[in-house]
Amino acid sequence: MEKLIDRLSALVAQAFESAGYDQSFGRVSVSNRPDLCQYQCNGALAAAKQYHKAPQSIAQDVAARLADDPAFEAVQTAAPGFLNLTLRDSYLMDYLSAMRENPRLGLPTTENPRTIVLDYGGPNVAKPLHVGHLRSAIIGESVKRICRYFGDRVVGDVHLGDWGLQMGLIIAELHERRPDLPFFYSSLTGEYPAEAPFTISELEEIYPAASAKAKEDPAFAAKAHDATFQLQSGHSGYRALWEKIMQVSLADLKRNYEKLNVSFDVWFGESDAQPFIEPMLAGFRERGLTRQSDGAEVMDVAEEGDAKEVPPCILVKSDGATLYATTDLATLVERERDFRPDKVFYIVDKRQSLHFEQVFRAARKAGIVRPETELQFLGFGTMNGKDGKPFKTREGGVMRLELLIAEVTDYVLQKIAESGIVDAADQRATAEKIALAALKYGDLSNLATKDYIFDLDRFSAFEGNTGPYLLYTIVRIKSILAKYEGDLSAAQLQPPNSASERNLALCLTRLQDNLLPAYTGSAPHLICAYCYELAGCANAFYHETRILAEQDSAKQAGYLALIDLTRAALELCIDLLGFEAPDKM
Ligand code: ARG
């Protein structure tokens with residue numbers, strides 16, 4: 001459906017034209033004086049300069065042309081030359097009825113669907129998922145849903161960190177603890193054990209222990225480096241052990257992401273890109289794209305006009321090891337082969353922005369991606385604690401995501417248990433939904449690039465600009481709908497009876513005005529801002545209107561139709577944000 005504001009602009013543009021002015025002056029905007037009118041057009045002020053005429057008289061010419069238009073209840077001019085527009089209620093409700101009949105609530109799909117590889121999540125295998133990975137998962141999931149809703153083909157790739165030193169550390173530590181494991185036999189007849197020799201909790205204890213040891217014990221650090229190198233060179237026992245680490249770790253990661261309502265289409269990792277590295281580097285060398293620098297092999301990526309120095313991209317270290325950037329370039333080779341994406345979109349901590357700048361430049365310079373392929377880095381800020389420093393546990397350690405979710409869930413559970421509205425058997429499931437809304441909305445309502453402060457009390461409040469408040473609004477609407485005895489699908493929208501009802505209707509017409517920029521700008525926070533406004537209008541209407549007690553059945557059906565459309569819009573929004581409403585709360 002065309003945006004209401006575009007429809008109105010077309011009408012006003014026509015009026016400008018028929019009054020003898022250029023139609024480009026007819027652009028309409030939402031009124032910044034809602035006490036005076038709903039929409040306004042400031043075109044007469046600009047036209048005055050071109051036509052050397054008083055703006056007020058141009059506005060009057062145009063207003064006269066609009067006087068009989070069925071769209072407008074009132075078209076007034078105001079000094080020095082504004083056009084103040086108020087819609088006729090029937091016109092407003094016709095627009096909403098069309099939205100209500102449309103399965104997409106009138107939202108379009110893109111004319112140029114693109115294939116987008118979305119790189120988010122980015123957990124490191126064998127290291128516990130911590131809150132640093134939370135933002136990538138939350139923002140990425142929402143961006144994925146938004147792009148898909150508007151028609152893009154999105155491949156969500158978790159891009160596991162599964163090939164680095166952490167693997168060598170674990171292998172070295174296991175070797176010290178249990179040298180008898182078959183994975184360490186120098187020659188093995190038969191197969192490696194099918195069972196992993198550790199559980200996820202053991203694995204999660206082994207990694208930090210090994211990492212701490214490596215910091216103090218240079219011999220152990222050397223051993224871990226050597227194990228990493230052996231693994232990467234194809235040592236069969238280490239490779240088999242690596243597979244076990246992957247198996248145990250992946251099961252845990254999948255469980256965690258499921259709890260977050262986050263999913264991926266492919267579970268590729270850094271290890272999958274390794275086979276592409278050698279041929280890629282050989283090609284670079286052949287074309288003279290790299291040079292030696294202090295024993296390392298680098299590619300220059302500085303460009304004329306760089307405001308800040310962009311250092312060369314290091315591809316191979318002096319000891320022969322390849323780096324994070326090498327892997328990211330090889331991953332682009334792999335993605336080009338697998339998906340031929342129109343866009344590769346990375347949702348990663350903004351502290352990695354230089355890395356991605358270097359990788360993007362190298363990829364373009366070497367022609368790994370086609371010139372028309374868009375490479376975008378969305379760098380997000382840090383989630384801080386109330387002390388303004390990166391969020392930690394009470395003991396000051398790295399907060400595990402699982403524990404954070406549990407903490408928020410318990411907090412919410414206590415609240416709903418106290419209120420007694422939800423049956424005991426449903427309380428936990430309800431608390432999980434509310435907790436997710438609190439966490440995700442608390443994150444997504446901020447501009448992604450900004451840091452924000454995690455505040456459990458504020459995020460989980462049922463009132464104010466929070467996820468639970470949105471859920472509460474939806475639940476309230478659903479409970480009225482459930483009590484309605486008439487036939488909801490036959491209910492027709494009616495012209496509004498009050499200012500609050502009209503405001504709600506007007507806010508609903510602006511769904512598209514808010515969701516489209518969220519799509520084009522990959523900006524979930526715009527959806528949050530809109531939802532909050534819509535929920536506010538819905539609650540104001542609810543408080544002022546006796547909906548279920550209304551005696552006039554047509555009027556009542558109109559109320560129901562309106563709140564049902566509100567529910568649909570809110571549920572669409574929260575689905576795009578990645579959470580859902582419970583039945584009661
Ligand atoms: N595993 C990385 C980290 O924890 C994030 C990966 C981001 N994606 C990428 N293609 N580099 O920092």
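Each ligand, and each atom within it, is numbered from 1 in the order the structure gives. What you see is a predicted model, and the numbers here were worked out from it, not measured in a lab.
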Ligand 1 to [X] polar contact by distance, N or O atoms, under 3.5 Å:
X	value
H133	yes
D328	yes
P123	no

Under 3.5 Å, is there a donor-acceptor pair between the [X] and [Y] side chains?
X	Y	value
T327	E270	no
K144	S263	yes
D457	Y411	yes
Y530	D513	no

Subject >> Closest protein heavy atom to atom 4 (O) of ligand 1, given as residue, atom name and distance to 0.1 Å >> reply: N124 ND2, 3.0 Å

Subject >> Identity and distance of the protein heavy atom lying nearest atom 8 (N) of ligand 1 >> reply: D119 OD1, 3.1 Å

Could you list which atoms of ligand 1 come closer than 4.0 Å to a heavy atom of [X]?
X	result
F356	9 (C), 11 (N)
H159	8 (N), 9 (C), 10 (N)
Y346	10 (N)
G122	1 (N), 2 (C), 3 (C), 4 (O), 5 (C)

**OP:** Answer yes or no on whether R178 is positioned over the face of F183, meaning its NZ or CZ is under 6.0 Å from the six-membered ring centre and within 45° of the axis.
**Re:** no

Original post:
So, does Y324 sit close enough to ligand 1 that a heavy atom of it is under 4.0 Å from the ligand?
Top reply: yes

Original post:
Do the ring planes of F268 and F339 sit parallel (below 30°), tilted (30 to 60°) or perpendicular (above 60°)?
Top reply: tilted

**OP:** Indicate the ring-plane relationship of F150 and Y519, choosing parallel, tilted or perpendicular according to the 30° and 60° boundaries.
**Re:** parallel

**OP:** With sequence neighbours excluded, tell me which residues meet ring-ring contact (aromatic ring centres under 6.0 Å, His included) with Y120.
**Re:** F264

**OP:** Nearest heavy atom to atom 12 (O) of ligand 1 wins, so pick from K127, Q352, R351.
**Re:** Q352

